[in-house]
Amino acid sequence: MVFGIGKNKTAPAVPGVASAMPRDGQVKGGRPMSGLMQDWPMTVDKVLEHARINHGFREVITRTVEGPVVRQTYAEIYDRSKQVSAALLEDGMQIGDRIATLAWNTGRHMETWYGTMCVGGVLHTVNPRLFPEQIAWIINHAGDTHLFFDITFLPIVEAIHDKCPTLRRFVLLTDEAHMPKDAKVPNLVAYETYIAGKSKDVEWGNFDEKTACGLCYTSGTTGDPKGVLYSHRSNVLHALMGAQKDALGIGVSDVVLPVVPMFHANAWGITFLAPLVGAGLVMPGAKMDGASIYELLDSEKVTFSAAVPTVWLTLLQHLESNNLKLPHLERVVIGGSAVPERILRAFEENYQVEVIHAWGMTEMSPMGSLGSMTPEVKAKGRDETVRYKLKQGRPPFGVEMKIIDDDGNDVPRDGKTSGHLMVRGWAVANAYFKGAGGNILDENGYFDTGDVANICPYGFMQITDRAKDVIKSGGEWISSIDIENIAVGHPAVAVAAAIGLPHPKWDERPLLIIELKPGATATREDILNYLNGKIAKWWMPDDVAFVDKVPLGATGKINKLQLRETFKNHRLPTVQAAE
Ligand code: ADP
């Protein structure tokens, strides 16, 4: 099978409009009658305004980068965001200017976020885990004018500032007392000084809801990074989607800890969703190790949290080795990569914490599907429920998805037939910033996610691979995700990654790469014996390799590109036999 044919079946370019959508004045039978309801633009200032009026005393707690835990309220965040707006406007910011951040999840980052967006600036969260050259490339492509950054990232900013000519103001997210004396960055000011004494009465909003609001670049594992430009409307609608009970479903009695960073697809929308519903927020700052996260979960009585699987693995290891419990935590969202069964069962069975497995991508703001259970599945019993929870879930209202084959035909929703996963919706990208990648929608307005998936009769979508990671053996696809998820069930295995290596007879065969838990031992045969009987015979890896550390990319996912490079000369034992 050839990948990407569906992607190439694109519509003639109609800027800003997916051709399947109705256009004004084109309705059969004349012009439509307008409803007589208020035209209240969906802009994100309304979210924080709502929080100030109705949940002004609810807390936003930050473990600051400087160290201490600081307590603010939504009312304080609102006032200080206004001061950020005033400071930016005095500093010459124009509507549409891109304001970059290299920052952890903190109250100050949130103030910069709303302070920028609410006066028509575009908040550009840059992922600090990228290489400095990539960061400079992204800042230049975006044409950012200001950079707000945490002290952690001073060395990066010192290394790149003179390579980024559009940056004219650098704001260090700290106060005078913590300003380094010898920072080699021009036009540098402490955040607290930048906003001190500024007006809290700046007018917010009052522009079109389609105005650009946020910018986030994809990691660029294939080609240059591409910018996803969110609008006010898409962000508000995405937050409302998240508030659905079977989506994130948080409310006023929740205390939410987004471990997922704001620079990773808007902390999955939580920075909008929590103030929208009045949930308390706990911002973890720079510390995301198991012990630090546990400490906040416990001391702040967090009820809801969200992170990628690797973060949860370190938390679970910390809990297990210190014999700790999670009495307050009710639910966790796990996404970004597939949830291994071991994590799911540990949370639900050992700690009574419900797991919501979610799938999404930067281009989708990012929510695409969530694994809340349906009564039909629950009725099948615990083991079946777990099997369904390991799938990537069902789309919330606002996302439409379908699976097509290489010729663009819909494949049956039988839970078996895999194909290209296509999506559309009001928080899905229409195009990339500055036209990168050209027209990215097909003739029906669907975006090709680059994932290979199937959908079952109950509507649960299951990712079997990323199109570029799929292992093609004898004309069939082997799911690297399935092999990995089963392999991490072995008690000695910390991380598992399956990649395809060339094979003269089968095209490709799987190599399984293993990082063992600290102090644990296992041989190639132990791992293969463990897999035997748990996966189809022809999916069995041809070889197992051990590494000290499986490399992770900038959003905490296994970096398969690097693994393929490292193991490109690895000779599978079965190759010789086939030659
Ligand atoms: P990046 O490649 O920059 O990390 P995203 O964070 O937008 O980009 O990642 C989106 C991709 O992550 C999806 O297309 C999918 O391949 C993968 N992904 C996200 N959530 C899951 C999940 N729950 N299970 C499997 N894959 C996932």
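Counting starts at 1 for both ligands and their atoms, following the listed order.
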**OP:** Report the relative orientation of the aromatic rings in Y432 and F447; use parallel for angles under 30°, tilted for 30 to 60°, perpendicular for over 60°.
**Re:**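 It falls in the perpendicular class, over 60°.
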Original post:
So do the side chains of E209 and V236 get within less than 4.5 Å of each other, counting heavy atoms only?
Top reply: no
Subject >> T449 side chain reached by W359 side chain, heavy atoms, under 4.5 Å >> reply: yes
Subject >> Candidate with minimal heavy-atom separation from atom 2 (O) of ligand 1, of M364, K226, R466, K468 >> reply: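 Residue with the shortest heavy-atom distance to the ligand atom: R466.
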**OP:** Kindly identify the option in C216, G335, P309, A358 whose heavy atom sits closest to atom 23 (N) of ligand 1.
**Re:** A358
**OP:** Give the numbers and elements of all ligand 1 atoms closer than 4.0 Å to a heavy atom of H264.
**Re:**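 Ligand 1 atoms under the 4.0 Å threshold to H264: 6 (O).
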**OP:** Run the numbers for me: atoms of ligand 1, each under 4.0 Å from some heavy atom of Q392, listed by number.
**Re:** 22 (C), 23 (N), 24 (N), 25 (C)
So, do [X] and [Y] have ring centers that fall under 6.0 Å from each other?
X    : Y    : result
H109 : F148 : no
W426 : F397 : yes
F272 : W113 : yes
Y230 : H238 : no

Using distance alone, decide if ligand 1 has a nitrogen or oxygen within less than 3.5 Å of any nitrogen or oxygen in [X].
X    : result
T218 : no
A338 : yes
G336 : yes
I463 : no

Original post:
Applying a 4.0 Å heavy-atom criterion (strictly less than), which segment of D451 is in contact with ligand 1: side chain, backbone, both, or neither?
Top reply: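 Side chain only.
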**OP:** Could you see which bit of M361 sits under 4.0 Å from ligand 1, with heavy atoms only: side chain, backbone, both or neither?
**Re:** both
Tell me whether [X] reaches ligand 1 (any heavy atom closer than 4.0 angstrom to a ligand atom).
X    : result
P366 : no
G450 : no
A265 : no

Subject >> Short N-O contact, E515 and K549, less than 4.0 angstrom >> reply: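 Looking at K549 together with E515, the answer is yes, because their closest N to O distance falls below 4.0 Å.
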**OP:** Kindly give the heavy-atom pair with the smallest separation between S337 and K557, and that separation in Å.
**Re:**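 Closest approach of S337 to K557, heavy atoms only: OG-CG, 4.1 Å.
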